[in-house]
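Below you'll find the structure, written out as structure tokens, and then a few comments.
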Amino acid sequence: MIVEKWLLKQIKSFLVTCKDGASISKIHALLTTSGFLSNGNSAAQLISSYARTGHINLAHKLFDNLPNKRIDSWNAMLISYSRENYHLEVIKLYESMRMGTVKPDSSTFTITIKACTSLFDLESGNEIWRNAVQCGYGNDMFVGSSVLNLYAKCGKMDEAFSVFERMSRKDVVSWSTMITGFVKTGRAIEAIDVYRKMQKEGLEGDGVVMLGLIQACAEIENLKMGSSLNGYMIRRGFRMDVLVQTSFLDMYAKNGKLDIASGLFRSMSCKNVVSWSALISGYAQNGYAGNALELLIEMQSLGFEPDLVSLIGGLLACSRFGSPILGRSIHGYIVRRLDVNQVLGTALIDMYAKCGSITRARLLYDNTSSRDIILWNTMISSYGIHGQGEEALSLFNQMREGDTKPDHATFASLLSAMSHSGLVEEGRYWFDVMIKEYKIEPMEKHYVSLVDLIARSGQVEEAQILIDSMKYEPGIALYVALLSGCLNHKNYLIGELAAKRVLELNPDTAGIYSLVSNFFASAKKWDEVALVRKAMRAAGMKKFPGYSVVEVNGKIHTFLVEDKGHPQHEKILGIMEELECKMRDMGYVPKTEFVLHNVEEEVKIRMLCNHSERIAIAFGILNTGPGTRLVITKNLRVCGDCHEAIKFISVIVNREIVVRDMKRFHHFKNGSCSCSDYW
DNA sequence: CAGGCTGTTC
């Protein structure tokens, strides 16, 4: 007997580390012939050894043939499936176990609930949790933590919290599950509260807890707390692994501190695809499209295969840049290598729409099999920026018929589409529906669209009343919307108040200064015009020169304002002069009020003609065949004079010209534009 | 046997 026990122990310890399938089979045969397996001895070890060496089918065969299945064999089988991510098999196996007489234990419940978590199967998870309580495992820390994670992953943090509060024993895993859960559901403040409670109970956080806290800091934009967390971790001797470093990197990148993020990235001795992706996305989200694309290329050249997320970052950069050529090439790269999932599909639709091809965007949209809220919102917004308000509305109505509930972003896109298309009554109507039927509290962005819509239609007083009726302090965007309405409809009384508010609220783009200045010029208040110019210089606005991008014959060409550096400069100039002549004959009068510099009238006219969008258009005309559609992307807002001029140009050259600016698309065709005015 | 990094709309 003693020898047998010793032998079994030796066999077990050998199986734990054995990597050789043939040896496992030999031991299997030995145990079978000597009769040990018949009472279940060593079966669990054999099962996990088989599974660990990639022979899960052999493991299952052995398990099926066991005459006496003990709980450790069941659990070994469950764990083997779990390791291979066969979550449905785990749940099935658990159910067949429940049919028999063997009692599940803590591991059984822990693993099975984890499988439900991976499948986001809240229903089965709840059922198994009830079983666990019935079997006396309601106070088990492992089972408890896996239930916390189940609720957290399914977004049910209130349920998780009530289980958490009733747990009699908690360890660092239980606490960190709560912290991570709150962060991932957008409740960063509560995540930090949980951490403080944990500290009060005398528990130290570990790496996982820190990771959650870093993400919390990223979300609430508290970089100060984030940095002090960094100091704390260094003092306590935490190992800064890739995960933690990537989280710090991401925190800085998300908050626009790309210099710090990139410094951190360069200093990392160990980087993975995720670290690359985090920085690429950070650049793309903050408008540094060029840096994002450069990094994507650098990543490949160093042998890192871009994954889904880094490519989504690349697509985002393309849509910021307005470059369909780059976007298409990334699309092609993706199709050759990866499966397109919903997030990627959405990014592609957004990219095509923002790069000027609403048709291609719709094509992709029609080919999607399932539609989540972001996909709907993206398509609605795409129609909006292209000035197709009716299409946006019709899509929105289709959405209402289905089972995806519109959210705040849906209405933001819808209302903005209404305002870009001048659908005044519809805009008012849906704003009301949003509040009354969908119980969505209007946010600033909703008010901005509505004010823009109403003011644009000429009801400036009403727009003013709407702003005054808001429950919170109106931001600059609202006064900008009001002011542009005042400018269009020459309401100088309200306009002057709006203009003053705009200046008080420190505009951060040259476009806004130019709007204010145009307003005062229109009111013939020249002293104010001069003041605005001064304020703009003081704010350092001239640092951002306007540029336009145009793609011709598969190449991207960028033009700055007054760009003289192009090899075809002389020819471009020729086209521009020819166009100007014909435009004048057709009745075009330069709107020199759009020039904010205090110079001679004749110089102003020269400056208007040298705007980057005009140079880009002339270049496009020069280098493409008659009738070719031109797509130009401008980094600022398109200027009011250019908006007029391009209408004429579209007639002269008989082409469709699409100009995308920071906010939307202007489709010029046969002398008119899809947008009623430039702003 | 339970918890960890990056991603799409406004």
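So that the names make sense, note that chain A is the first sequence line, chain B the second, and so on, each numbered from 1. Note that the coordinates shown come from a computational prediction; the quantities given were computed from them, not determined experimentally.
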Touch class at under 4.0 angstrom, heavy-atom based, for A/S145 against every strand present: base

Results of side chain to side chain contact (heavy atoms under 4.5 Å, CB included) for A/L363 - residues two or more places apart only: none

Touch class at under 4.0 angstrom, heavy-atom based, for A/K271 against every strand present: nothing

Sugar-phosphate only, base, or nothing, as touched by A/N272 at under 4.0 Å among non-hydrogen atoms: base

Side chain to side chain donor-acceptor pair (under 3.5 Å) partners for A/K445, two or more places apart: A/H408

Polar side chain donor-acceptor pair, A/Q245 to A/S275, under 3.5 angstrom: no

Sugar-phosphate, base or nothing in reach of A/V143, heavy atoms under 4.0 Å: nothing

Aromatic A/Y438 / basic A/K405 pairing, under 6.0 angstrom, 45° off normal: no

Residue list, side chain to side chain donor-acceptor pair (under 3.5 Å) with A/S323, at least two apart or on another chain: A/E551

Sugar-phosphate only, base, or nothing, as touched by A/V147 at under 4.0 Å among non-hydrogen atoms: nothing

Touch class at under 4.0 angstrom, heavy-atom based, for A/L316 against every strand present: sugar-phosphate

Residues A/R187, A/D158; criterion salt bridge (charged side-chain N to carboxylate O under 4.0 Å, His left out); working and verdict: CA-CA 11 Å; A/R187 294 162 67 168; A/D158 296 326; 3.0 Å; yes

Stretch residues 337-348 of chain A: residues that reach within less than 4.0 Å of DNA chain B through a heavy atom: A/N341, A/V343, A/T346

Touch class at under 4.0 angstrom, heavy-atom based, for A/S106 against every strand present: base

Touch class at under 4.0 angstrom, heavy-atom based, for A/T177 against every strand present: sugar-phosphate

Sugar-phosphate, base or nothing in reach of A/Q285, heavy atoms under 4.0 Å: sugar-phosphate

Summary of ring-ring contact (aromatic ring centres under 6.0 Å, His included) pairs that have at least one residue in residues 140-165 of chain A, sequence neighbours excluded: A/F164-A/W175

Sugar-phosphate only, base, or nothing, as touched by A/K170 at under 4.0 Å among non-hydrogen atoms: nothing

Touch class at under 4.0 angstrom, heavy-atom based, for A/Q245 against every strand present: nothing

Interface limits on DNA chain B, where chain A has a heavy atom under 4.0 Å of a nucleotide atom: B/dC1 to B/dC10

Cation-pi geometry met for A/R320 and A/Y288 (6.0 Å, 45°): no

Ring-face cation of A/K69 near A/F63 (centre distance under 6.0 Å, axis angle within 45°): yes

Sugar-phosphate only, base, or nothing, as touched by A/D206 at under 4.0 Å among non-hydrogen atoms: base

